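The structure appears right after this line, and notes come after that.
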2 protein chains.
Amino acid sequence: MATLADVARHAGVSTATASRIINGSSKPVADALRTRVLAAVAELKYVPNAHAQMLARSHRSAVGVIVHDVSDPYFAEITRGLQRVATADGRLVIICNSFREPDRELEYIDLLHAHQVAAIVIAGSGYLDPATAARLDDRLRAFEATGGRIAVIGRHEHTGDAVLPDNEQGGFLAGEHLFTLGHTEIAVIAGPSYLTTTADRLKGLQRAAKKYGIKLPKKRVYHADFTRDGGEDLATRVLAEEPEVTAIAALNDSMAVGALAALRTSADRRVAVIGFDDMPIARDVTPSLTSVRLPLTELGERAMTLALGAAGESPRVEHVEAELVVRESTWPHEAR
Amino acid sequence: MATLADVARHAGVSTATASRIINGSSKPVADALRTRVLAAVAELKYVPNAHAQMLARSHRSAVGVIVHDVSDPYFAEITRGLQRVATADGRLVIICNSFREPDRELEYIDLLHAHQVAAIVIAGSGYLDPATAARLDDRLRAFEATGGRIAVIGRHEHTGDAVLPDNEQGGFLAGEHLFTLGHTEIAVIAGPSYLTTTADRLKGLQRAAKKYGIKLPKKRVYHADFTRDGGEDLATRVLAEEPEVTAIAALNDSMAVGALAALRTSADRRVAVIGFDDMPIARDVTPSLTSVRLPLTELGERAMTLALGAAGESPRVEHVEAELVVRESTWPHEAR
DNA sequence: ACGCTTGAGGTAAGCGCTTTCCTAGACCGT
DNA sequence: ACGGTCTAGGAAAGCGCTTACCTCAAGCGT
């Protein structure tokens with residue numbers, strides 16, 4: 001492993017000069033030396049040690065991103081936005097998958113902290129459990145105390161810079177759509193109950209139910225894990241257990257796609273399905289999926305912009321509206 | 001920013017002792033000191049500086065991953081496998097998106113090299129252009145020369161540890177399927193022509209054409225960028241320009257899904273479509289997509305396993321078979 | 001011709017940590 | 001009681017780099 005000292009020796013200069021030439025310092029250097037040093041770099045295939053550099057110039061540049069799971073299209077879209085902004089700013093992005101485990105999240109915060117990242121962006125639902133939320137907040141504060149910047153996406157329990165999609169309003173839109181279409185017996189396919197995203201979307205749904213005088217009993221709310229297969233299983237159960245149901249509200253598109261699959265295998269039931277997030281697949285399934293659109297890439301872009309911006313005095317919070325996108329998977333309730 | 005020295009001072013011990021306690025060194029330490037140091041760590045919210053640690057113990061642990069684009073489901077699946085193995089081994093994974101630009105790839109190799117990663121895994125098609133391939137190889141060799149490990153997925157131009165999906169054979173399977181169904185006039189929706197993946201899959205298709213005595217002229221091969229929208233555009237053009245065509249072979253599933261969308265809007269044409277990769281969506285589109293399955297997650301797992309394994313003498317190359325998965329989007333050719 | 005400025009390049013002090021080696025008590029045997 | 005062996009803990013030497021500061025020589029004005 002060639003070091004700066006090797007290069008300097010090879011070129012017959014001091015490490016100071018070599019460093020200056022390699023980093024394009026403003027200090028003027030004779031052309032002869034410059035050429036010699038650059039030749040030495042090429043010959044020795046010298047690559048500077050990033051750790052030593054970071055240490056010496058105690059200057060933070062990389063940014064960390066913690067998401068539940070990048071291979072989930074929801075987070076993939078957000079991550080795309082995050083990366084676009086960060087890369088445009090010339091930053092290295094370190095992506096960590098928490099797999100929805102708070103402990104792993106905690107671990108990653110410390111890891112990113114240890115790696116001296118300039119900022120951490122956390123995307124994905126927060127945790128309803130106050131103890132868990134507090135523990136996370138504590139680590140986040142410790143990171144902030146050392147000058148790190150933090151931005152969260154969709155975690156209103158964190159008081160700091162945040163981009164908040166309006167999940168409650170989105171839930172309301174979904175419910176309103178179904179209820180104005182005349183559906184009175186609906187089932188909900190929800191995500192894990194310990195996530196705030198689930199709770200918020202559900203809350204909006206219930207507000208709509210109240211407004212339209214519809215009862216939405218607890219037993220009609222099924223919980224899975226926000227995956228396609230989870231949605232399929234739940235929808236299968238709904239079809240078996242609830243002959244009255246004429247519409248299913250899935251709390252994300254993956255599960256809605258699963259529900260559609262379940263529906264396909266039971267030709268005798270015609271059940272409307274609405275999703276949430278409006279992921280790219282929504283257009284391509286059949287029937288195409290009615291959904292509540294969240295501008296995922298934009299969410300990522302805005303969060304990274306906050307994180308990289310100068311530290312403001314008051315925490316900046318940006319709210320992002322949800323929007324109903326009607327396609328073919330919902331229709332008016334038909335009397336039997 | 002609390003440092004080890006702060007902790008040591010706070011606890012009234014030397015940095016050596018503090019370090020030993022914090023890292024659980026094997027050297028025995030009095031319980032009283034241990035308690036004091038741990039208390040100081042908690043009170044000062046001390047988080048060790050990873051760069052200083054790396055520097056001091058010049059011991060590589062993180063691994064780097066370079067993919068074309070994580071938010072592309074193809075790479076998302078591979079990445080999932082990569083991460084599973086790496087995380088199980090307690091490694092930090094740094095993911096870099098090259099966006100199919102060789103220069104960015106070059107940059108990332110050096111960046112990962114600079115960050116002293118233990119290994120680099122590169123997934124995704126290689127570049128047909130020999131100059132580009134050579135430049136990349138050169139940087140890779142430099143990294144290897146310093147003791148770094150490298151594993152590639154699907155880049156047979158690199159002579160080192162590799163996991164190679166058999167794209168040529170997959171292309172053959174796709175062609176054979178279409179031709180045995182009686183289709184003689186087919187169009188191909190291919191990816192960028194400078195990628196080896198495109199070239200290999202095409203080569204297999206042509207081998208099948210030859211075997212079944214079908215002509216597959218150049219003008220029937222359309223090139224896009226492996227995205228869904230690219231596939232839709234191309235399929236639209238095919239439908240407009242080629243009234244003879246009864247089947248389309250898309251060289252990946254994203255483009256196949258786009259083709260399906262194009263087909264949906266022109267009800268008068270019944271054209272069979274075959275995809276490639278068998279991504280999760282393939283089941284959920286209508287008609288469900290016939291595809292050539294590549295075990296993407298497994299590809300990732302095997303590559304990371306190679307990368308983390310001990311450096312072997314001879315480069316280890318693992319071949320992975322492609323497999324035809326027949327669904328609803330292909331059918332026998334019907335006489336008009 | 002002298003002192004001074006200027007500018008090119010080198011010296012060396014860290015950045016925060018790990019780890020080797022060393023020191024100084026504690027404890028043992030005789 | 002004394003030398004010898006352990007052992008817990010500290011001193012300090014790096015890891016590879018950046019950069020503030022210093023040196024030395026050339027160039028300038030008067």
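Each chain gets a letter, A, B and so on, in the order its sequence line appears, and its residues count up from 1. Bear in mind the structure is a predicted one, so any value in this text is a computation, not a measurement.
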Review point. C:dC17 phosphate, OP1 or OP2: any side-chain N/O from B:T15 under 4.0 angstrom?
Key: no
Practice item. Using heavy atoms and a sub-4.0 Å distance, could you list which residues of residues 22-39 of chain A are near DNA chain D? By number, please. Key: A:N23, A:K27
Revision key, fill the gap. When rounded to whole Å, the NE2 to P distance for the pair A:H51 and D:dC17 reads 12 Å
Practice item. For B:T3, report the nucleic acid contact type (base, sugar-phosphate, nothing); a contact means any heavy atom under 4.0 Å. Key: sugar-phosphate
Point to revise | Atom-to-atom span, CG of B:L55 to P of C:dT18 - whole angstrom | key: 11 Å
**Study point:** Parallel, tilted or perpendicular: ring planes of B:Y127 versus B:Y194, cut at 30 and 60 degrees
**Key:** parallel
Check your understanding: What integer distance in Å separates B:R20:CZ from D:dA12:C1'?
Key -> 12 Å
Practice item. Tell me whether the OP1 or OP2 atom of D:dT18 has a side-chain N or O from A:Q53 closer than 4.0 Å. Key: yes
Point to revise | OP1 or OP2 of C:dG10 under 4.0 Å from side-chain N/O of A:T17 | key: yes
Study note, to complete from the structure: Heavy-atom closest pair (B:S71 atom, A:A76 atom, distance to 0.1 Å) is CB-O, 3.4 Å
Check your understanding: Between D:dG16, C:dG16, C:dG9, which nucleotide gets closest to the side-chain atoms of A:N49?
Key -> D:dG16
Exercise for review: Check the distance between D:dC17's P and A:D6's CG and give it to me in whole angstrom.
Suggested key: 8 Å
Exercise for review: Please confirm whether the backbone N or O of A:T196 pairs with a side-chain atom of A:S125, one donor and one acceptor, at under 3.5 Å?
Suggested key: yes
Point to revise | Base of D:dG14 paired with side chain of B:R57 (donor-acceptor, under 3.5 Å) | key: no
Study note, to complete from the structure: Separation of C:dG16 atom P from B:M54 atom CE, nearest Å, is 17 Å
Exercise for review: Say whether A:N23 and A:S19, considering side chains only, have a donor N or O and an acceptor N or O under 3.5 Å apart.
Suggested key: yes
Point to revise | Minimum-distance nucleotide to B:S19 side chain [options: D:dG10, D:dG16, C:dT18] | key: C:dT18
Point to revise | Nucleotide D:dG14, atom P - distance to CG of B:L4 in whole Å | key: 20 Å
Point to revise | Nearest-Å distance for atom pair CZ/P, residues A:R9 and D:dG16 | key: 11 Å
Point to revise | Earlier contact from the 5' end, DNA chain C, for A:V13 and B:A16 | key: A:V13
Exercise for review: Report yes or no: does A:R91 contribute a side-chain atom to a donor-acceptor pair with the main-chain N or O of A:A62 at less than 3.5 Å?
Suggested key: no
Check your understanding: Is any side-chain N of the basic residue among A:R84 and A:E301 closer than 4.0 Å to the acidic one's carboxylate O?
Key -> yes
**Study point:** A:H158 and A:D137: side chain donor to acceptor below 3.5 Å
**Key:** yes
Review point. For the side chain of B:S14, counting heavy atoms from C-beta on, which of D:dT19, D:dG16, D:dA11 is nearest?
Key: D:dA11
Check your understanding: Once you round it to whole Å, what is the distance between P of D:dC15 and NE2 of B:H59?
Key -> 18 Å
